[in-house]
Amino acid sequence: MAPLSRDQIAARAARDIPDGAYVNLGIGLPTLVANYVPPGREVIYHSENGILGMGPAPPPGRENPDLINASKQHVTLAPGAAIFHHTDAFVMMRGGHIEYALLGGMQVSMTGDLANWSTDDETFPPAVGGAMDLAAGAKNIWVLMEHTARDGAPKILERCTYPLTAPAVVSRIYTNLAVIDVTAEGLVVREMAPGLDLAALQGKTGAPLRLANDWRPLTV
Amino acid sequence: MAPLSRDQIAARAARDIPDGAYVNLGIGLPTLVANYVPPGREVIYHSENGILGMGPAPPPGRENPDLINASKQHVTLAPGAAIFHHTDAFVMMRGGHIEYALLGGMQVSMTGDLANWSTDDETFPPAVGGAMDLAAGAKNIWVLMEHTARDGAPKILERCTYPLTAPAVVSRIYTNLAVIDVTAEGLVVREMAPGLDLAALQGKTGAPLRLANDWRPLTV
Amino acid sequence: MLDKRVSSLADAVAGIHDGATILIGGFGNAGVPVELIHALIDHGARNLTVVANNAGVGRSDLARLMAMGRVRKIVCSYPRSKGSVVFEELYAARRIELELVPQGTLSERMRAAAAGLGGFYTPTAAGTKLAEGKEIRHLNGRDYVFEAPLKGDVALIMAERADRWGNLTYRLTARNFAPTMAAAADTTIVQAREIVELGAIDPEAVVTPGIFVDRLIHVPNPAPAGV
Amino acid sequence: MLDKRVSSLADAVAGIHDGATILIGGFGNAGVPVELIHALIDHGARNLTVVANNAGVGRSDLARLMAMGRVRKIVCSYPRSKGSVVFEELYAARRIELELVPQGTLSERMRAAAAGLGGFYTPTAAGTKLAEGKEIRHLNGRDYVFEAPLKGDVALIMAERADRWGNLTYRLTARNFAPTMAAAADTTIVQAREIVELGAIDPEAVVTPGIFVDRLIHVPNPAPAGV
């Protein structure tokens, strides 16, 4: 079995982003996606602090303290970028204008519920940021995550145990082991890591899986 | 008795606009007010189609078809003007940011109800424009109008007979005969045209009037 | 490559279906997308709902579309304009439906659609006959009227300058409803006086970010509206 | 003459009362009105409610105001930041109240206050624990949460350029919450890097029209935030 690395998960998801798409990349693993978009595709990145047409990180020494992304990292602007205020940035998110939101996930349910903002650990204060707005509003929500937690517990479940970010919003899950669609008929495995069979994948998953007739090996 | 002309009504109201005020002038009689603001006062005019800092009409031949006011007349911009879209223009109006709205009136009630958009004549279609937004939202609503209709019927009434623009919003009425405040204790006459006494004024008014102790002759 | 330019006015309005709700920019004669309205006339879609501040003037442009019997309903704050005649005729003949909406509510309802909101409470029209039949809620000591979002299938707007991503700027008060309408329609179609290279518009000066624009047609010398 | 300039930071924050709700601009370290926060610290008002996206970093600026016990409550989407410590300490000690609001809802609630609306329905947080206890309404086949306007007594914001009427422009993503907060407070106080002659800002480039600004202080070289 050859599970994907984090960069490979990002690269696999990047392949599915169409030319000309408006995309918001969540904090963490999803931010790697921008490095792997196939050449020739023009992808327009949105940042909820008021950028459309965000470019890559600036070279060292060229950082502008007034030009940061939602993760508070220094960024640049692509030609064609636009700057706007927060309220307008969230009009784009909530109003269904962002075509693809690629988000990290703590848990995803078989009906597409997403939990990615809180473990309900009361020893430290909660924080939500723009996660709920994006999850409630973007046209397509794709989750990128490890297939299981560090202790081996499944992260794809019949029902999330962590507090929800939004119910019934995830349409596709990219993990280190599989690409899975959330459909009206349940979870459908589109791709599996080479060497893995459905039984083994099912063993690492907390909700019933079905293998697509045209499933393929998961490669980058 | 010396009733004021339309220009004199406008001039009288103009005297009460403080320096530095944000003002929206309604269609008709109120638009004349801008001609009579005392020298030395800087008044910032708002137009609901997206101007703050509207200037006077341009000289003939210098009209810009893309620079018009809410009455669709050609205007200019004062130094310090700002342009914005309609939704933001109404944020200013509805949100209480406009300090003075000077409006025409068909009828005003003793409790400050305003009727200035419709006579309920069903032979031609209704039109409301921004009248209701302004009446509901500006901080101070002053009405400028003739004291009576052309047929002599009073326009200041116990209750409006025309459809309301907004209830309980008018705080002051400027007519050709008087300046009247709408107070919690009813209508209070602050100024009366020279030669007029309260009984005569009351005869032209459809709601009880009280004369202010410190009332003065109405002059421009 | 993301390129929203189309090569003809016919392509710009292609696919507009009968029964569509069309948001049309403009206030007075400023910002009226005259050539797109002409293209819609030529296109043939009928049974339309038109959302616009005014209901046309004279017998050209929007008035012509209405006179052809193609507009079932108009949603509008001020249907009467200096020089409007067609709307009055149709209204008197009960051949057009009018939904009269206060101007700020009209704009805010489109913004709510753009922003993905389910509706809002406004003080505008509370206590008036335009609130009759609507939900009233008393909040913070005042009556408010519930208003629902107003979404377009299509928006037709005029811009001053555009790039191939659809970033737009406008000219003075020709801006009016356009930024809100652009964001409130499923398909936003723009006629622009000038189309510039990507990157030629200062990112801080963009008024409508391209995400709200779907099709772009270059109309360098638009005909004046209202004539 | 309308002139919103004041001559000292102390004058800028004069009159802020105990118990006031203060909207503070900034996202990350961009757009934080550092000198105005320092002036508020010196001013002495206490029992404050602070509305800001983050709850301060390190022990300076907003974190210092909180550490001094002057903030009763914070309304915020993301109180934890890289380097935040004071909020965590106060929260663990139950010495500060937190109202956690999704970022877009936070911004939209302030806009509703600015726009004179009584509230709105948003899909954000529907079906989550952040909607518990709130009114839920089913509209157009979907659940929405009712959210009330969020108004400030005071807003503290940083601008790039201003004129004496209070027209403002910002620098890139330092814009963030400022335009919304400026419009949502009774008294909006602005520190600007540059104050220019009236008329020097292109009317079409004004981001915050002066009507939303009350006081203006020139701070040509603001200290960086978060240090």
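Because only heavy atoms are used, hydrogens play no part in the values below, and waters and symmetry mates are left out as well, while side chains stay in. Letters A, B, ... mirror the listed sequences (proteins, then strands); counts begin at 1. The model shown is predicted, which means the values in this text are computed figures rather than measured ones.
- Proximity to chain D is absent for every atom of L134(A), based on heavy atoms less than 4.5 angstrom apart.
- With chain D as partner, the option from A135(A), P125(A), A136(A) having the largest number of non-hydrogen pairs under 4.5 angstrom is P125(A).
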Donor-acceptor pairs under 3.5 Å, chain A versus chain D:
unit_1  : atom_1 : unit_2  : atom_2 : d
D66(A)  : O      : T173(D) : N      : 2.8
D66(A)  : O      : T173(D) : OG1    : 2.6
D66(A)  : OD2    : R171(D) : NH1    : 3.4
I68(A)  : N      : T173(D) : OG1    : 3.2
H86(A)  : N      : N176(D) : O      : 3.0
H86(A)  : NE2    : Q103(D) : OE1    : 2.6
T87(A)  : N      : S107(D) : OG     : 3.3
T87(A)  : OG1    : S107(D) : OG     : 2.5
T87(A)  : OG1    : T180(D) : OG1    : 2.6
R94(A)  : NH2    : G104(D) : O      : 3.3
D120(A) : OD1    : K129(D) : NZ     : 2.6
P125(A) : O      : R80(D)  : NH1    : 2.4
V128(A) : N      : S77(D)  : O      : 2.9
G129(A) : N      : S77(D)  : O      : 2.9
G129(A) : O      : Q103(D) : N      : 2.9
D133(A) : OD1    : G104(D) : N      : 3.4
D133(A) : OD1    : T124(D) : OG1    : 3.1
D133(A) : OD2    : Q103(D) : N      : 3.4
D133(A) : OD2    : G104(D) : N      : 2.9
A136(A) : O      : R142(D) : NH2    : 2.6

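- With a 4.5 Å cut-off on non-hydrogen atoms, A126(D) touches chain A through its backbone but not through its side chain.
- For I68(A), the parts lying under 4.5 angstrom from a heavy atom of chain D are both the backbone and the side chain.
- Of the two parts of A92(D), neither the backbone nor the side chain holds a non-hydrogen atom closer than 4.5 Å to a non-hydrogen atom of chain A.
- Here V128(A) is the residue among L164(A), V128(A), L77(A) with the most heavy-atom pairs under 4.5 Å with chain D.
- Contact of V207(D) with chain A is not made at all, since no heavy-atom distance falls under 4.5 Å.
- P126(A) touches chain D through backbone and side chain together, each having a heavy atom under 4.5 Å away.
- Closest of all the heavy-atom pairs between A70(A) and F27(D) is O-CZ, 3.6 Å.
- For the pair P65(A) and A30(D), the tightest heavy-atom approach, listed with the atom from each and the gap, is O-CB, 3.9 Å.
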